[in-house]
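Throughout, a chain's letter reflects where its sequence line sits, starting with A, and its residues are numbered from 1.
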Amino acid sequence: MENTIITRFPPSPTGYLHLGGARTAIFNWLYARHTNGRFVLRIEDTDMQRSTQESVDAIFDAMDWLGIDWDEGPYFQSKRFDIYKEHIDRLISSGNAYYCTCTPEQVDRMREEAKKSGGKPKYDGSCREKNLQWQEGAVVRFKAPLTGSTLIEDKIRGNIAFANTELDDFIIARSDGSPMYNLAVVIDDITMNINTIIRGDDHISNTPKQILLYQALGAKVPDFGHVPMVLGHDKSRLSKRHGAMSVTAYRDMGYHPDAMVNFLVRLGWSHGDQEFFTRDELIEKFNLEHIGRSAGVFNPEKLLAINAEHIRAASSEALADHLMPFLKEKGIDAEAGDYLYGVIETLKPRSKTFIEMADGAEFYFQEKPVYDEKASAKFLKPALLVPMKQLADGMAGLAEFDEKSLENIFKQVMEDAGLGFGKVAQPVRVALTGKTVSPGIFEMILALGKEKVISRLYDAVQFIEKMPAAE
RNA sequence: GUCCCCAUCGUCUAGCCUGGUCCAGGACACCGGCCUUUCACGCCGGCGACAGGGGUUCGAAUCCCCUUGGGGACGCCA
């Protein structure tokens, strides 16, 4: 189809996928999905010095976690050098590029000069009209127009014009023949039929150069949309100082990928007052019109809140997959199944992350709960001996183990012992979980199951009996 | 230094294009309260912003200009 939207995400594998990069990946992916278009993944590894296989793997890993799939690729620029070479030659023979033999030192001096006379540091065009042939150490420079201006018709920011005098004859091929960034992206985007480029606004100043390249190559200029950057709390560019930057670090901290995606998209894009979005809603509603123009500060607290919200909204079955690795880490080998789902159900409203959820789930899987010392000292007292036993006996005789009958038993026990609900419930909580904080008493008992509850109750009775007599 | 971008509560943002319905709405955080067997969830309430100055207009958060502030780019990095 002629008007199919084709977007792309072109990370350079020089580190992990950070929050900002993840966000532009998500924007491109969402836009492609929203428009029923195609999304291409391309690894920009022309800088052989800094690119690593580790980083490539880290990027795949992060995209996999975020649930961003691509329709084409991954392409690797390092495998496309002959394509670039061909285009570079074409640019030279068409008079749009030329060999330059100026040394880096000479160029440095030119830049100094230019700066001194109050302008932008630029190459002065020494070799521009020399018509040099290739020779050892020569680079290829683009012959940029000296006059006029280049207009970016940005889908997000509107029109941005650059005077061509701001540009210099930038290098498109290094002296070893390898392509430079601006050239490689343009060639790739042309040959991969990319027609929509959504990227960080730190690329705005590259855009006129790229547009000129498109024109020199006789190719159609794609749509550009520059999204604002993600800043740290001090409004400076996000960096290690601001804490975790790698998206997968958030997986390890117990975040839900849908929450991460939701959060990142909402940072810079809006749909009225809506804050919570499922993946499908995002695909349905995402558009370029509502991407903001100002940079946003990364706020971990908001991420946490939205994560809690996604946990609350998800089904226990779905959460189980995410939770299991964290249980395993605690040495808990839970199986997917009704017991686990029941457990998760009780933990959902009180877990902001999967780590919290795993912590909260621990007592459900222990052979016997580990009594918190203060908790047992305060609540497991001789006065509870009879009520506790009565509770256990009552439950043992229950045909239907449900909330209704549990309530009845509790009522009876409270009446017989002359104790209020709290006086009974809290000790029971300690007996069953070892702690003073847990899910609601009945839902927790139901999730734990009749057998465990009764045996834990008897354990508590024994514990109280064995207690050295007070006073 | 030069060029480019941006500017609403502490933060994310709605509203701005198509001026009046906005003494500016929502969310996170924070502070109260309610609910309650603990912790949460939930609910109710509070705190809190149109950067400043000029215009245009009957009327400006919304349009224009300037200032200030912030960010980005100026590589044989991407």
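The partner of B/rG19 cannot be assigned: no Watson-Crick or G-U wobble pair with both contacts below 3.5 Å exists in any strand. In this structure, B/rA27 and B/rU11 make a Watson-Crick or G-U wobble pair, each of the two defining distances being under 3.5 angstrom. Partner assigned to B/rC50 is none, using Watson-Crick or G-U wobble distances below 3.5 angstrom. Pairing of B/rG1, defined by two Watson-Crick or G-U wobble distances under 3.5 Å, is identified with B/rC74.
Here the separation of B/rA24 from B/rG15, taken at their C1' atoms, is 8 Å to the nearest Å. The P atoms of B/rA51 and B/rG10 are separated by 12 Å, rounded to the nearest whole Å. When the C1' atom is used for both B/rU67 and B/rC6, the distance is 16 Å, rounded to whole Å. As rounded to the nearest Å, B/rC12 and B/rC30 have C1' atoms that lie 16 Å from one another. Using P as the reference atom, B/rU62 and B/rC9 are 14 Å apart when rounded to the nearest Å. Comparing B/rA14 with B/rG33, their C1' atoms sit 28 Å apart, to the nearest whole Å. Comparing B/rU68 with B/rG25, their C1' atoms sit 28 Å apart, to the nearest whole Å.
Distances shorter than 4.0 Å separate none of the side-chain N or O atoms of A/Arg199 from OP1 or OP2 on B/rG72. Look at A/Arg312 and you won't find any side-chain N or O under 4.0 angstrom from OP1 or OP2 of B/rA40. For the OP1/OP2 pair of B/rC74 and a distance below 4.0 Å, the side-chain nitrogens and oxygens of A/Lys115 include no atom meeting the criterion. Using a 4.0 Å cut-off, no side-chain N or O of A/Ser294 falls inside it from OP1 or OP2 of B/rG71.
Scanning atom types as modelled, no donor and acceptor separated by under 3.5 angstrom connect the side chain of A/Ser205 and the base of B/rC3. Contact of A/Gln274 with B/rG26 (side chain to base): no donor-acceptor pair of N or O atoms is detected under 3.5 Å. Residue side chain A/Arg50 reaches the base of B/rC77 through a donor-acceptor N/O pair under 3.5 Å, judged by distance alone. A donor-acceptor contact under 3.5 Å is not formed by the side chain of A/Asn182 with the base of B/rA78. Under 3.5 Å, the side chain of A/Lys120 and the base of B/rA73 form no donor-acceptor pair of N or O atoms.
Checking B/rA29, B/rU37, B/rA78 against every side-chain atom of A/Glu301, the shortest atom distance belongs to B/rA29. Nearest nucleotide to the A/Met180 side chain, out of B/rC77, B/rA73, B/rA40: B/rC77. Counting only heavy atoms from C-beta on, A/Met229 has its side chain closest to B/rG72 among B/rA78, B/rG72, B/rC4. The A/Arg157 side chain lies nearest to B/rC6 when the options are B/rA78, B/rU37, B/rC6. For A/Val437, taking side-chain heavy atoms from C-beta onward, the closest of the listed nucleotides B/rC39, B/rC76, B/rU37 is B/rC39. When the nucleotides B/rC28, B/rC4, B/rU38 are ranked by their closest atom to the side chain of A/Lys302, B/rC28 comes out on top. Comparing atom distances between the A/Glu166 side chain and each of B/rC4, B/rU2, B/rC76 picks out B/rU2 as nearest. For A/Arg350, taking side-chain heavy atoms from C-beta onward, the closest of the listed nucleotides B/rC39, B/rC77, B/rG10 is B/rC39. Among the nucleotides B/rU11, B/rA78, B/rA73, the one closest to the side chain of A/Arg237 is B/rA73.
In this entry the base of B/rC35 is anti relative to its sugar, with a glycosidic angle more than 90° from 0.
For the pair A/Arg199 and A/Phe224, the cation-pi test (distance below 6.0 Å, angle within 45°) is failed.
For the pair A/Ser438 and A/Arg23, both in contact range of RNA chain B, the more 5′-proximal nearest nucleotide belongs to A/Arg23.
Using a 4.0 Å heavy-atom cutoff across all strands shown, A/Ile441 reaches at least one base atom of the nucleic acid. Across all strands, A/Glu275 comes closer than 4.0 Å to base atoms (heavy-atom distances).
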Table of protein N/O atoms under 3.5 Å from nucleotides 14-20 of chain B N/O atoms:
residue : atom : partner  : partner atom : Å
B/rA14  : OP1  : A/Ser270 : OG           : 2.7

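With contacts defined as side-chain heavy-atom distances shorter than 4.5 Å, the pair A/Leu41/A/Arg8 does not qualify.
Below 30°, between 30° and 60°, or above 60°: for A/Phe60 and A/Phe76 the angle between ring planes is above 60°, a perpendicular geometry. Between A/Phe354 and A/Phe326, the ring planes are parallel. Angles under 30° get that label, and only those over 60° would be called perpendicular.
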